[in-house]
Protein chains: 2
Amino acid sequence: MTNANQQAVPPGISRLAALAPLTPAARQALDLAARQARTVKARGELQVEGREIRAPMILLSGWACRAFNLADGRRQIASLLLPGDLIGMYNHEAPIANASVIALTEVVVCEAPQPREAADLGGLAEAYAISAALDQAYLLRNITRLGRMDAYERIGNWLLELRERLALAGIGSSNQFPMPLTQEVMADTLGLTSVHINRTLQQMRKDNLIALQNGVITLADPARLATLADHHPACVTAAGSRPEG
Amino acid sequence: MTNANQQAVPPGISRLAALAPLTPAARQALDLAARQARTVKARGELQVEGREIRAPMILLSGWACRAFNLADGRRQIASLLLPGDLIGMYNHEAPIANASVIALTEVVVCEAPQPREAADLGGLAEAYAISAALDQAYLLRNITRLGRMDAYERIGNWLLELRERLALAGIGSSNQFPMPLTQEVMADTLGLTSVHINRTLQQMRKDNLIALQNGVITLADPARLATLADHHPACVTAAGSRPEG
DNA sequence: CGACGGTTTGACAATCATCAAATACAGTGG
DNA sequence: CCACTGTATTTGATGATTGTCAAACCGTCG
């Protein structure tokens, strides 16, 4: 049963399963879809702004983003897409992509199974809905970061958010996780320049808040960082203790 | 048939009807819901961050926002809510508000009818879905504004977006619309200070791009402004020429 | 008239961007 | 194994956009 293409269970599937209890049928639909996976190299376009969306996708592994380019070359990454995130999932007819989706690392994606069939396919629709709500919550947080936080806070807050999101997909531990992004990409995500990212990261290292080795970031004192950067975990449903506290 | 509580058709209903073709039944459900309207004064809270959402609402008239407060008093308005916008509409169980929703002017809201009954209730679900997609599109744009535009561009881009959104609800004309917000609220929306908003608005007046009298803003040259501020209208569906060009 | 919220103005400070170059690092080919 | 190339990180010097603080002004309302 092990799939040659990937590890036993791609992180993306783990995340969806963690969002809502799935029936065996739903789980099977996901596994089946994941078997039809497609690999895209870093910098590849998963979705083109303004173009009609053929089918929604699940990001099984790797990092991607929704990006915008201004006329003069400035770029803003509106959100990062991590394993388990849905790409181009809309509930209306003939949806058009409202952003370009770009692979930041090599990524693996598959088509997202439609939950409509067979009485909701057991919680799949619920998982999608929770994923959508989380997506929105993180967009709102990103707006707050960009609008009202300084560079130091932005980075700190953002790192804690990454930890939280990656944890859902079973990636990383309580105080460290992979960081495959260049400082330039971080800059485009946080609305800063790569030079300023670099200097601020150095400061955070001096302050013994973070450490970075071999593409793995370590948060030395997440609690203190959370206070400094005004971070609170996202929570979108009161049902069970499902998403996380 | 005219409703004592409101004008014949509240702008919020017009917008939803403009998003997707509604069957008479759907239309009737909306009109019925609108009759149970509730008025909230400026500064009133429509939704409290972290609290469970009882029922989704439609903003029938007036302006509101989704706001965040940082520990030290800084505030960020993540998005404005205009007539026809949906408040707290999620598709999962026991949703929790991920932001505070605050009335910026006196607003009128009603409960949003559930589209699930009776075979989708004729396009109501479609209208909701398109509204959700537009909401997301505008969040992404706001992120781009905050992350990569200077004060002048932010304001210009934002004004054009307001014009576009208000037009859907039948509010304003091709080059002017009401502006009930204080410069302080504009500042919290655009990630600036009210002082800087004030100075930048003055500059835009000198440049003959905008004029402001009695709470009505006039865009003297929307095309030039669109070029300066890198603005492109939002489009979320390829179906018909529905939302707008 | 006085109080109040909002706008406007001025002087100054600070964060962050810009420009340019040096350094480190990884992969490639000789 | 070592130059070689390209990308990413780091550093320095300088300037611009925007924030901060404080006060004046203005219209409205009681």
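Quick caveat, the model's predicted, so the values are computed rather than measured.
Around atom CD of Glu184(A), no more than 12 heavy atoms belonging to other residues, nucleotides or ligands sit under 6.0 Å away.
Dashed line: the shortest gap from a side-chain N or O of Gln202(B) to OP1 or OP2 of dT9(C) is under 4.0 Å.
Atom-to-atom distance recorded for Ile217(A):CD1 and Leu181(A):CG is 10.0 Å, nearest 0.5 angstrom. Note that the CG atom of Asp207(B) and the CG atom of Asp221(B) stand 11.5 Å from one another [nearest 0.5 Å]. In this structure, CZ in Arg145(B) is found 12.0 Å from CD in Gln76(A), a value given to the nearest 0.5 Å.
In this structure, Ile197(A) and Ser194(B) both approach DNA chain C, and ranking their closest nucleotides by distance from the 5' end singles out Ser194(B). Judged by closest nucleotide on DNA chain D, Glu184(A) is the one of Arg199(B) and Glu184(A) placed further toward the 5' end. Each of Gly191(A) and Arg43(B) lies near DNA chain C, and the nucleotide nearest Arg43(B) is the one positioned closer to the 5' end.
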Kindly list each side-chain donor-acceptor pair under 3.5 angstrom involving residues 186-195 of chain A, sequence neighbours excluded, with atom names and distances?
residue: Asp188(A); atom: OD1; partner: Arg148(B); partner atom: NH2; Å: 2.8
residue: Asp188(A); atom: OD2; partner: Arg75(A); partner atom: NE; Å: 2.9
residue: Asp188(A); atom: OD2; partner: Arg75(A); partner atom: NH2; Å: 3.3
residue: Thr189(A); atom: OG1; partner: Val185(A); partner atom: O; Å: 2.9
residue: Thr193(A); atom: OG1; partner: His196(A); partner atom: N; Å: 3.2

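In this structure, Gln213(B) places its CD atom 15 Å from P of dT7(C), rounding to the nearest Å. In this structure, Leu146(A) places its CG atom 19 Å from P of dT15(C), rounding to the nearest Å. Distance Gln183(A) CD to dC25(C) P: 13 Å, rounded to the nearest Å. Note: CG (Asn214(A)) to C1' (dA24(C)) measures 15 Å, nearest angstrom. Straight-line distance from the CG atom of Asn198(A) to the P atom of dC25(C): 13 Å, rounded to whole Å. Rounded to an integer number of Å, the gap from CE of Met179(B) to C1' of dG6(C) is 15 Å. Between the P atom of dT8(C) and the CE atom of Met186(B) lies a distance of 10 Å, rounded to the nearest Å. Rounded to whole Å, atom C1' of dC16(C) lies 11 Å from atom CZ of Arg148(B).
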- Task: Might you work through the side-chain hydrogen bond (donor to acceptor under 3.5 Å, both in side chains) test for Asp135(B) and Gln136(A), ending with a clear yes or no?
- Result: CA-CA 9 Å; Asp135(B) 182 54; Gln136(A) 186 190 73; 3.2 Å; yes
- CA sep, side-chain torsions, deciding dist, call: Ser131(B), Arg15(B), side-chain hydrogen bond (donor to acceptor under 3.5 Å, both in side chains): CA-CA 9 Å; Ser131(B) 188; Arg15(B) 175 177 182 264; 3.2 Å; yes
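Note on Asp150(A): only backbone sugar-phosphate atoms sit closer than 4.0 angstrom, heavy atoms only; bases stay farther off.
Reading DNA chain D from its 5' end, the first and the last nucleotide to sit under 4.0 Å from a heavy atom of chain A are dA8(D) to dA13(D).
Across dG6(C), dA17(C), dT9(C), the shortest atom-to-atom separation from the side chain of Thr193(A) is found for dA17(C).
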